[in-house]
Amino acid sequence: MSDTWNTRTKLVHEGSRRSQYGEMAEAIFLTQGFVYPTAESAEARFVQSGPDEFIYARYGNPTTRMFEERIAALEGTEDAFATASGMAAVSGALTSMLRAGDHVVSSRALFGSCLYVLEEVLTRFGVKVTFVDGADLDQWRAAVTPGTKAVFFESMSNPTLELVDIRAVSEIAHAAGALVVVDNVFATPIFSRAVDQGADVIVYSTTKHIDGQGRALGGVVCGTQSFIRKVLEPYMKHTGGSMSPFTAWMHLNGMATLDLRCRAMAESALRIAQALQGHDKLGRVIYPGLDSHPQHGLAMAQMGSGGTMVAFDITAGKEAAFRFLNALEIAKISNNLGDAKTIVTHPATTTHQRLPQDQKDSLGITPGLIRLSVGLEDAGDLIADLLAALDRA
Ligand SMILES: *Cc1c(COP(=O)(O)O)cnc(C)c1O
């Protein structure tokens with residue numbers, strides 16, 4: 001609404017639309033459709049609808065539109081389209097822009113469902129996909145050719161928190177005329193500067209930090225107005241992956257505190273990583289905000305923060321890792337992230353169970369690896385919980 005607004009102001013007010021009643025809170029329009037005052041106005045709306053004129057909730061809805069405008073303003077893109085899940089956003093962004101014969105280059109360290117879309121779905125429709133080690137710029141340079149239509153990567157990978165240099169990969173991609181599609185979930189829209197760094201399309205699972213309380217499944221694609229409205233929207237609205245207005249309404253509420261939450265979580269994540277580093281039962285403690293992280297400099301330049309996730313390796317392996325997980329009292333064993341509640345995950349036996357051993361090895365998914373999504377509890381309490389459970393590991 002105002003170009004001069006800073007993040008926290010945008011997160012509270014941007015995109016708000018009020019009905020004739022002037023309601024304070026964002027209204028939830030639980031309606032599939034809209035009534036036209038006359039047949040002529042119905043005809044006119046199907047030819048060209050204005051900003052406050054809707055046709056059908058699969059195409060757009062006032063509550064969903066408020067959410068799209070708020071997240072686009074936050075991310076710094078011209079527009080956004082809200083989807084039913086993070087995977088609807090990833091698959092929609094890629095499928096809407098690609099056709100048979102196109103070539104895509106992707107980093108190898110991907111969320112399992114993203115890997116499925118690239119490896120199993122796109123290839124079935126004749127798209128050629130080349131996988132690279134996302135942190136190795138020489139591999140990107142070798143794989144991206146003038147025929148490459150898009151590059152895809154997670155800006156911070158799951159679960160080992162490896163960064164991809166958005167600026168450097170964007171330069172390589174743009175020199176070949178390829179679009180840069182970034183799955184930015186681990187970076188969060190608060191620490192993201194992806195647009196300035198060259199990303200063309202930015203995708204979030206809003207199930208994570210944006211909802212922030214583990215309630216709703218959702219996603220969003222951010223990009224230029226021409227990409228969102230001319231390429232993505234026709235695909236999404238006709239294939240059915242639009243966000244429910246109820247979810248958009250929950251996300252609007254969640255966003256008011258998004259900046260506060262992400263910063264508090266990142267502050268606690270740094271304190272936890274510092275407290276765990278050097279513990280005699282642990283090997284690696286991975287947190288991009290630690291000086292010891294091999295990409296610490298890149299993390300600070302790219303995000304200005306180490307983020308809200310920590311990973312560490314219990315040297316004694318799986319049984320010790322399970323004893324540790326079972327001894328925790330505050331942190332919950334689950335597989336979501338970005339939640340107010342601290343969540344611990346054992347990737348080797350859950351989220352990454354399906355991967356063959358050689359892939360687990362190459363991604364650093366060891367039997368003792370724990371992924372920690374730091375929540376909003378008191379950091380001192382969390383550190384005490386983690387240290388007490390490590391004693392019993
Ligand atoms: C969770 C996640 C997704 C998928 O999002 P859903 O909302 O579960 O569909 C995609 N990419 C990353 C990096 C994720 O963490």
Side-chain angles (χ1 to χ4, degrees), residues 1-16 26 60 64-83 85-86 88-90 92-94 96-97 150-156 163-164 166-167 169-170 173-174 179-212 218-233 236 243 247-248 251-263 265-266 301-305 307-308 338:
M1 278 193 224
S2 166
D3 291 342
T4 64
W5 283 358
N6 289 305
T7 297
R8 287 192 190 171
T9 312
K10 287 179 189 162
L11 283 168
V12 175
H13 292 290
E14 186 74 49
S16 284
E26 292 83 352
T64 310
R65 195 67 199 127
M66 286 192 252
F67 169 67
E68 291 170 344
E69 287 182 359
R70 191 167 294 177
I71 186 92
L74 175 65
E75 192 63 33
T77 53
E78 289 171 7
D79 213 337
F81 191 91
T83 59
S85 69
V90 171
L94 292 171
S96 67
M97 71 167 71
V151 303
F152 178 76
F153 57 89
E154 290 171 16
S155 54
M156 195 202 281
L163 273 80
V164 174
I166 299 176
R167 195 181 293 282
V169 173
S170 297
H174 290 159
L179 283 172
V180 177
V181 186
V182 180
D183 179 333
N184 221 14
V185 167
F186 278 52
T188 81
I190 296 303
F191 301 127
S192 167
R193 302 159 188 181
V195 175
D196 291 340
Q197 290 153 355
D200 299 298
V201 177
I202 298 139
V203 178
Y204 289 101
S205 161
T206 59
T207 315
K208 316 292 167 56
H209 304 79
I210 293 173
D211 181 80
V220 70
V221 183
C222 303
T224 61
Q225 192 167 37
S226 89
F227 173 74
I228 296 294
R229 296 298 151 194
K230 299 214 172 79
V231 179
L232 183 80
E233 184 197 291
M236 292 307 303
M243 179 179 278
T247 299
H251 287 352
L252 283 162
N253 292 319
M255 283 180 86
T257 57
L258 183 62
D259 185 82
L260 297 167
R261 286 187 284 109
C262 288
R263 288 184 194 284
M265 287 171 173
Q302 189 154 293
M303 307 193 299
S305 167
T308 70

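All values reported here derive from a predicted model rather than from experimental measurement.
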[X] side-chain N/O to [Y] backbone N/O, donor-acceptor pair under 3.5 Å:
| X | Y | result |
| --- | --- | --- |
| T64 | G60 | no |
| R261 | G254 | yes |
| R70 | E14 | yes |
| T77 | C222 | no |
| T257 | L260 | no |
| T83 | G219 | yes |
| E233 | I228 | no |
| S96 | G92 | yes |

Next on the checklist: For a salt bridge (Lys or Arg N to Asp or Glu O under 4.0 Å) check, start with the C-alpha distance between E78 and K230, then their side-chain angles and the critical distance, and finish with the verdict.
Outcome noted: CA-CA 13 Å; E78 289 171 7; K230 299 214 172 79; over 6 Å; no
Working to the nearest 0.5 Å, report the span between [atom1] of [X] and [atom2] of [Y].
| X | Y | atom1 | atom2 | result |
| --- | --- | --- | --- | --- |
| T7 | L74 | OG1 | CG | 6.0 Å |
| D211 | S205 | CG | OG | 9.5 Å |
| D79 | Q225 | CG | CD | 5.5 Å |
| T188 | L258 | OG1 | CG | 6.5 Å |
| N184 | H209 | CG | NE2 | 11.0 Å |
| R8 | D259 | CZ | CG | 4.5 Å |

Can you confirm whether [X] sits close enough to [Y] that some side-chain heavy atom of one is under 4.5 Å from a side-chain heavy atom of the other?
| X | Y | result |
| --- | --- | --- |
| Y204 | V221 | no |
| F81 | R229 | yes |
| D200 | H174 | yes |
| F67 | T247 | no |
| E75 | V220 | no |
| V203 | V201 | yes |
| S192 | M303 | no |
| M97 | V181 | yes |

Nearest atoms (heavy-atom pairs only) where [X] meets [Y]:
| X | Y | value |
| --- | --- | --- |
| A199 | I202 | CB-CG1, 3.9 Å |
| V164 | E154 | CG2-O, 3.7 Å |
| T308 | C262 | CG2-O, 3.8 Å |

Checklist entry - Checking side chain to side chain donor-acceptor pair (under 3.5 Å) for the pair Q302/S155: CA distance, chi angles, key distance, verdict? => result CA-CA 9 Å; Q302 189 154 293; S155 54; 5.3 Å; no
Checklist entry - Can V182 and V169 be said to form a side-chain contact (heavy atoms from CB on, under 4.5 Å), step by step? => result CA-CA 11 Å; V182 180; V169 173; over 6 Å; no
Checklist entry - Does the side chain to side chain donor-acceptor pair (under 3.5 Å) test come out yes or no for H251 and T206, once each step is laid out? => result CA-CA 8 Å; H251 287 352; T206 59; 2.7 Å; yes
Checklist entry - Is D183 paired with K208 through a side-chain N to carboxylate O contact shorter than 4.0 Å? => result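 No.
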